[in-house]
Protein chains: 2
Amino acid sequence: MDNIDRNIINLVQAFGRATNAEIAGACGLSVSAANDRLKRLQERGAITGWSARVDPDAVDLGLLAFIFVEIDHTGHNERFIAAATLMPEVLELHHVTGEWSYLLKVRARDTKALETLITGRLKALPGVARSHTHIALSSAKDNGPLPVDVSGDD
Amino acid sequence: MDNIDRNIINLVQAFGRATNAEIAGACGLSVSAANDRLKRLQERGAITGWSARVDPDAVDLGLLAFIFVEIDHTGHNERFIAAATLMPEVLELHHVTGEWSYLLKVRARDTKALETLITGRLKALPGVARSHTHIALSSAKDNGPLPVDVSGDD
DNA sequence: ACTGAAATACCAACACT
DNA sequence: AGTGTTGGTATTTCAGT
């Protein structure tokens with residue numbers, strides 16, 4: 001992982017459909033070398049996959065919320081993680097420090113769908129003692145690229 | 001936006017480098033039709049771009065944190081948003097309901113870098129009254145795909 | 001590891017249904 | 001909107017450095 005690799009990572013984060021020729025041009029490599037490096041970055045696991053960025057409003061998921069959850073008995077943690085991870089509305093599930101056990105990022109169609117998710121499905125899971133929801137009114141930035149420093153060591 | 005479009009969106013969210021032939025095969029279309037639909041989804045803004053998924057650990061950003069920020073005077077909001085959005089460590093910036101003004105998702109190398117970010121840069125912005133940080137100990141799910149329902153109306 | 005070239009696969013425009 | 005064809009590009013492999 002040298003600076004060229006980091007440049008490639010920055011490039012393909014911003015432009016996931018960049019061609020090998022474009023990567024090569026930006027990094028001063030031949031097309032083959034760019035292709036080789038991209039493949040190696042994937043084989044090593046630095047690049048884990050590719051994705052289209054989708055406008056939530058276009059797919060009727062205008063409501064974004066962050067939900068803190070507290071689990072009351074230690075034995076329930078694994079089951080909660082397994083169940084919540086499988087819920088498609090749960091985009092993220094983090095184990096966090098502080099007064100709460102988990103922080104979930106969820107998207108839903110509207111407040112009604114959010115209510116169903118929280119009271120009907122999340123709070124129905126064993127061990128969920130309480131939850132606290134923050135609704136996002138607007139997002140100035142969402143899913144930004146990882147800031148990969150290109151002036152680190154080679 | 002019909003069910004075929006929603007299928008395509010689900011597919012390219014999971015496999016951002018899916019070829020038109022693969023999309024066509026999955027949706028029962030010809031390659032040309034798949035290409036046309038993909039183009040139209042981008043022209044309409046449903047698909048906003050393409051991105052490589054990157055392993056944070058591979059680029060030395062092992063620390064994930066969520067930071068709540070309170071802004072004390074209304075006039076400072078715009079400037080805070082503008083400044084925080086430009087910080088590369090700030091992956092997300094949401095205006096949220098509740099006792100706090102904003103919720104930020106940030107990534108940093110380690111606790112030292114996080115401290116510099118919070119005390120040296122975020123809290124230095126005008127209007128930042130206080131902040132509260134939740135550190136993610138682990139993430140069972142991160143940046144999951146938007147759950148696009150394929151059984152909605154055509 | 002990188003280069004350059006050859007073979008293969010892919011995309012995008014076209015005429016037509 | 002969809003299909004099949006076609007010409008132009010992109011990708012990928014390989015021998016050589």
Side-chain angles (χ1 to χ4, degrees), chain A residues 1-61 145-146 148-154, chain B residues 1-61 145-146 148-154:
Chain A
M1 170 77 64
D2 58 11
N3 277 333
I4 297 175
D5 284 332
R6 284 185 274 263
N7 263 314
I8 292 174
I9 286 176
N10 280 326
L11 195 60
V12 296
Q13 277 194 107
F15 306 101
R17 293 235 158 165
T19 64
N20 286 327
E22 287 165 338
I23 295 169
C27 298
L29 294 172
S30 70
V31 175
S32 303
N35 187 31
D36 286 349
R37 279 178 177 269
L38 199 57
K39 255 178 62 182
R40 277 175 43 227
L41 285 169
Q42 292 176 83
E43 283 161 4
R44 290 181 197 164
I47 293 174
T48 59
W50 305 86
S51 184
R53 281 190 293 267
V54 175
D55 176 14
D57 289 321
V59 293
D60 206 16
L61 291 167
L146 301 187
V148 180
D149 196 353
V150 291
S151 52
D153 60 279
D154 284 13
Chain B
M1 171 79 64
D2 58 10
N3 277 334
I4 297 175
D5 283 332
R6 284 185 274 264
N7 262 316
I8 292 175
I9 286 176
N10 279 327
L11 195 59
V12 296
Q13 277 194 104
F15 305 102
R17 292 236 158 165
T19 64
N20 285 328
E22 288 164 337
I23 295 169
C27 298
L29 294 172
S30 70
V31 176
S32 303
N35 187 30
D36 287 348
R37 280 179 176 266
L38 197 59
K39 255 177 63 182
R40 275 176 42 226
L41 285 169
Q42 293 176 83
E43 283 161 5
R44 292 182 196 162
I47 293 174
T48 59
W50 305 88
S51 183
R53 282 191 292 269
V54 175
D55 176 15
D57 289 322
V59 293
D60 206 15
L61 291 168
L146 301 187
V148 180
D149 195 354
V150 290
S151 52
D153 62 280
D154 282 11

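Below, chain A is the first sequence line, B the second, and so on; all start at residue 1.
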| said: Taking atom types as they are modelled, would you say the side chain of S32(A) forms a donor-acceptor pair with the base of dT13(D) within the 3.5 Å cutoff? | reply: yes
| task | Counting heavy atoms from C-beta on, name the nucleotide in dC2(C), dT12(D), dA1(D) closest to the side chain of N20(A). | result | dT12(D)
| Salt-bridge criterion met for D2(A) and R37(A) (N-O under 4.0 Å) | yes
| Taking CZ from R40(B) and P from dA12(C), how many angstroms apart are they, rounded to a whole number? | 16 Å
| message | Does either side chain, that of Q42(A) or that of W50(A), offer a donor lying less than 3.5 Å from an acceptor on the other one? | response | yes
| Whole-Å distance between dA1(C) P and I4(A) CD1? | 11 Å
| query | Between dG2(D) atom C1' and I23(B) atom CD1, what is the distance in whole Å? | reply | 16 Å
| query | Between D5(B) and R44(B), does at least one N-O distance fall below 4.0 Å, as a salt bridge requires? | reply | yes
| message | Rounded to whole Å, please give me the gap between CG in N35(B) and C1' in dG2(D). | response | 13 Å
| request: Please determine, for the side chain of T19(B), which listed nucleotide (dC11(C), dT3(D), dC2(C)) has the closest atom? | output: dC11(C)
| Rounded distance in Å - CG (L38(B)) to P (dA1(D)) | 16 Å
| query | Between dA10(D) atom C1' and E22(A) atom CD, what is the distance in whole Å? | reply | 10 Å
| said: Looking at K39(A), I'd like to know whether one of its side-chain N or O atoms comes within less than 4.0 Å of OP1 or OP2 on dT13(D). | reply: yes
| field | Protein-nucleotide distance (D36(B), atom CG; dT5(D), atom P), rounded to Å | value | 16 Å
| task | Quick one: closest heavy-atom pair of E22(B) and L11(B), and the distance? | result | O-CD2, 4.4 Å
| query | If you look at every strand shown and take non-hydrogen atoms under 4.0 Å, does R17(B) touch a base, only sugar-phosphate, or nothing? | reply | nothing
| message | Tell me the interatomic distance from E43(A), atom CD, to dT12(D), atom C1', rounded to whole angstroms. | response | 13 Å
